[in-house]
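These notes concern the structure reproduced below.
This structure is a prediction, so every number in the text was calculated from the model and none was measured.
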Amino acid sequence: MLHPYYKLPLELEKIVGKKELKKCSLKESIAHHLHLMLTTAFGELLSDDQFGNKLWEEDFDNVSYRNRQKEKILLSLGKTIARFEKRIEKVKIEMQVRQEEAPSGIADPGIKRKLEFTITAVITATNEPILYRDGFFISPLAYN
């Protein structure tokens, strides 16, 4: 492996104990990074306030996700990926808004709005395709 990629979440006790951290593949590392970009609001990362996306600026209770709102979110996420994930190119992002029953374990089960993202791209170094899917329930937020 040319560059070691570390599996998330990092096990900080291993770093302090100077032990070996779990590693992952290039595809897994890219997927971890895409997840962080998707779930981070602008300004949340103190070292760079441009890391994140506009999704978290929306009022989930009142959003109807018309095309204009959806395009704002997709454009924002696309810019973040282009700026912070140089290992991929030819990025295509799709977002679906669904209504479905929230999984058990959520405080108020019932029908919730779910955002599903599909990101396709090509790994720059190998010209290999990559497919990343992620989704979460909003209002209140819950990861799938």
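To the nearest 0.5 Å, atom CG of residue Leu34 and atom CG of residue Leu77 are 8.0 Å apart. For the atom pair CZ (Phe42) and OG1 (Thr80), the distance works out to 4.0 Å, reported to the nearest 0.5 Å. Here the OG1-CG distance, from Thr118 to Leu131, works out to 6.5 Å after rounding to the nearest 0.5 Å. Interatomic distance, CG of Leu38 versus CE of Met95, reported as 10.0 Å (0.5 Å rounding). Remark: Arg133 CZ to Ile119 CD1 distance equals 11.5 Å, nearest 0.5 Å. The CD1 atom of Ile93 lies 9.0 Å from the OG1 atom of Thr120; values are rounded to the nearest 0.5 Å.
Within the 4.5 Å cutoff, the side chain of Ile123 has heavy atoms near those of the Lys27 side chain. Looking only at side-chain heavy atoms (C-beta outward), Met37 and Phe84 come within less than 4.5 Å of each other. Counting heavy atoms from C-beta on, the side chains of Ile30 and His35 never come closer than 4.5 Å. The shortest side-chain heavy-atom distance between Arg87 and His33 falls under the 4.5 Å cut-off. Between Leu8 and His32, the closest side-chain pair of non-hydrogen atoms falls below 4.5 Å.
Using a distance-only test at 3.5 Å, with no hydrogens or angles considered, a donor-acceptor pair links the side chain of Lys86 to the main chain of Ala82.
By the 4.0 Å N-to-carboxylate-O rule, Glu13 lies too far from Lys19 to be salt-bridged with it. The existence of a salt bridge linking Glu116 and Arg98 is confirmed by a sub-4.0 Å separation between a basic side-chain nitrogen and an acidic carboxylate oxygen.
Nearest heavy atoms, Lys54 versus Ser76: N-OG, 2.8 Å. The two residues Thr39 and Asn53 have their closest heavy-atom pair at N-ND2, 4.5 Å. When all heavy atoms of Cys24 and Ser29 are compared, the closest pair comes out as SG-N, 3.7 Å. The heavy-atom pair separating Lys90 from Val122 by the smallest distance is CD-CG2, 4.1 Å.
Hydrophobic clustering keeps Leu21 apart from Val16 (ILVMFWY residues linked when any side-chain heavy atoms are closer than 4.5 Å, directly or through intermediates). Hydrophobic clustering (ILVMFWY, side-chain heavy atoms < 4.5 Å, transitive): Leu75 and Phe51 are in distinct clusters.
Surrounding NZ of Lys14 are more than 12 heavy atoms belonging to other residues, nucleotides or ligands, all under 6.0 Å away.
Taking the six-membered ring where the residue is Trp, Trp56 and Phe136 present parallel rings, their angle staying beneath 30° rather than reaching 60°.
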